[in-house]
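Structure record follows, encoded as structure tokens.
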Protein chains: 2
Amino acid sequence: MAHTKTPTESGTVFSTTLSRLRKEILTGAIGPGEKLRLDQLRTTYDVSFSPLREAISRLVSEGLVLQAADQRGFQVAPVSADNLREVTLLRKSLEVIALQRSIQHGDDAWETEVVSSMHHLSKFKSRNPAKMDDIDEAWEGWHRKFHTALIGACRLPVLLQFCDTLYDLSDRYRRNFLQFRHVPRDVQSEHSAIAEAALNRNAELACRLMEEHIELTATMILAVLPTELR
Amino acid sequence: MAHTKTPTESGTVFSTTLSRLRKEILTGAIGPGEKLRLDQLRTTYDVSFSPLREAISRLVSEGLVLQAADQRGFQVAPVSADNLREVTLLRKSLEVIALQRSIQHGDDAWETEVVSSMHHLSKFKSRNPAKMDDIDEAWEGWHRKFHTALIGACRLPVLLQFCDTLYDLSDRYRRNFLQFRHVPRDVQSEHSAIAEAALNRNAELACRLMEEHIELTATMILAVLPTELR
DNA sequence: TAATAAAATAATATCGATAAATAGAAAATC
DNA sequence: GATTTTCTATTTATCGATATTATTTTATTA
């Protein structure tokens, strides 16, 4: 079978499989606690075991997948209020460190990135519940870019890695439990306030706003989290 | 070939390969920046590609191995003063959070673990430079157990994972650059002071001592780090 | 009928082989 | 002589098959 590669997909089988798996877990297409059946995934993704297992193995380090005991495979990490609280606590602690340094070191390129991602994000007036899928995916992309841009100039690559992991871990909660609900909140203003403070090099304010932003999201998720998970 | 399994080795091929690789990188048996030749490792460890690559993939997430561009394999993460400074900064930030909570929540089992690992560690009067290998490996084991025990009761599993990763990352510097040097320092006293403060539930003191302990080690490594790495 | 054991089934972990890509060496060109 | 090009050798990434382990089903016994 001549494998006809989709032009948009590039890189190795491993990396595309990793992205695909991560996305399915973040969106909830593969739900919390769900068992990962290797043979089924292998068929669905049309790949062999090696790159599939390699991808899953990465997600284990990231905490999105749990490795059961030997010979008993993998499962998507379960969700719980405790886990969300921990992830939120860590995200606040680490993003504040990163943001503070980023504001300190940020150069022109950094400002450009912040302004640009902020601009793209602000173009989504209201997240139209009609044609959700496409728009949502785009919004999610820019939202992540925005948060990444803000802390991107901190010059601490290991920390950025941690922040990225924590973003994924909390993102899963938001996308699984907050997606289709009406939230009484002006996220747009929160974002622009953070961006403004950052660009004005007001580190203290920016960090405080960021903490509040992260905390508020977590609070809203906790409020709607099924009781059996609390 | 009937694969005769060594009785001491247990678990999957993957997990033993992961441990072995990690150890070789931490000790410097495979040095910083060194390329990982898959076929050579495969022969040395007598395993096949799948579990080998899976193990390497994990080490990439941990930051001990770098994945080069597609199709260009892996290399052990290089060392640099900047990286050591970052890892030190993060270790201090995160271990303090963990230690503070651990002191807050620690129960009898926690106290026992701390006392026990402290005791074992203190039995190594001076690290005899003669029969280094065996003694050093044992000391390294208890040293890690001690640090793990201190923060073990924090009830933040994700944080513990981060701390473990950071311990590895800084441990590599210590074992590669400080091992055979005489250090003008009473590490034993530092450890017992931290343990005492923790058991007395004096979180503030314990955290301060821990920060100093981590910082001091880093300072000494930086002092002897080859100039081209600074 | 409940509990246990045996057999069948399904899933995982690992292997050895193949295909694809890169890096290095030799030849050709300017 | 330096630079580019082609060919070869090495190395990586991926595959499909096999062996091992867990789970479910069926049969057996108390």
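Naming: A, B, ... by sequence-line order, numbering from 1 per chain.
Protein atom CD of A/Gln67 is 11 Å distant from nucleotide atom C1' of C/dA13, rounded to whole Å. In this structure, A/Ile56 atom CD1 and C/dT12 atom C1' are separated by 11 Å, rounded to whole Å. Computed from coordinates, the A/Leu52 CG to D/dA13 P distance equals 17 Å when rounded to whole Å. B/Asp46 places its CG atom 8 Å from the P atom of C/dC15, with the value rounded to the nearest Å. Taking atom CD of residue B/Gln75 and atom P of nucleotide C/dA23, one finds them 13 Å apart after rounding to whole Å. Atom CD of A/Glu54 and atom C1' of D/dC15 are 13 Å apart (whole Å).
Side chains of B/Tyr45 and B/Val13 form no contact here, defined as non-hydrogen atoms less than 4.5 Å apart.
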Nucleotide N/O of nucleotides 8-12 of chain D paired with protein N/O under 3.5 Å:
from: D/dT12; atom 1: OP1; to: B/Leu36; atom 2: O; distance (Å): 3.2
from: D/dT12; atom 1: OP2; to: B/Leu38; atom 2: N; distance (Å): 3.2

Check nucleotides 6-8 of chain C against the protein and report each pair of N or O atoms closer than 3.5 Å, with its distance, or say if there are none.
none

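The aromatic rings of A/His213 and A/His147 sit parallel, their planes meeting at an angle under 30°, below the 60° perpendicular limit.
No side-chain donor-acceptor contact under 3.5 Å links A/Tyr173 to the backbone of A/Leu178. B/Glu86 contributes a side-chain N or O that, together with a main-chain N or O of A/Val158, makes up a donor-acceptor pair within less than 3.5 Å. Formation of a donor-acceptor pair under 3.5 Å by the B/Trp110 side chain with backbone atoms of B/Ala149 is found in this model. At distances below 3.5 Å, not a single donor-acceptor pair connects side-chain atoms of A/Thr17 with backbone N or O atoms of A/Leu52. Although no hydrogens or angles enter the test, the distance criterion places no donor-acceptor pair under 3.5 Å between the side chain of A/Arg58 and the main chain of B/Ser61.
Of all non-hydrogen atoms in A/Cys154 and A/His105, the two that sit nearest each other are O-CD2, 4.0 Å. Here the closest non-hydrogen pair linking A/Leu150 and A/Leu99 is O-CD1, 3.8 Å.
For the OP1/OP2 pair of D/dT14 and a distance below 4.0 Å, the side-chain nitrogens and oxygens of A/Ser50 include no atom meeting the criterion.
The nearest heavy atom of DNA chain D to A/Arg42 and to B/Ala68 marks one nucleotide each, and the one closer to the 5' end goes with B/Ala68.
Contact check on B/Glu140 versus B/Arg174 returns a salt bridge, with a Lys/Arg side-chain nitrogen under 4.0 Å from an Asp/Glu carboxylate oxygen.
Looking at B/Arg144, B/Arg172, B/Glu95, B/His143 one by one, the single match for side-chain hydrogen bond (donor to acceptor under 3.5 Å, both in side chains) with B/Tyr167 turns out to be B/His143.
When the C1' atoms of four end pairs are superposed on the next four at each end of the helix from C/dT1-D/dA30 to C/dC30-D/dG1, using five pairs per end, the two resulting axes differ in direction by 10°, to 10°.
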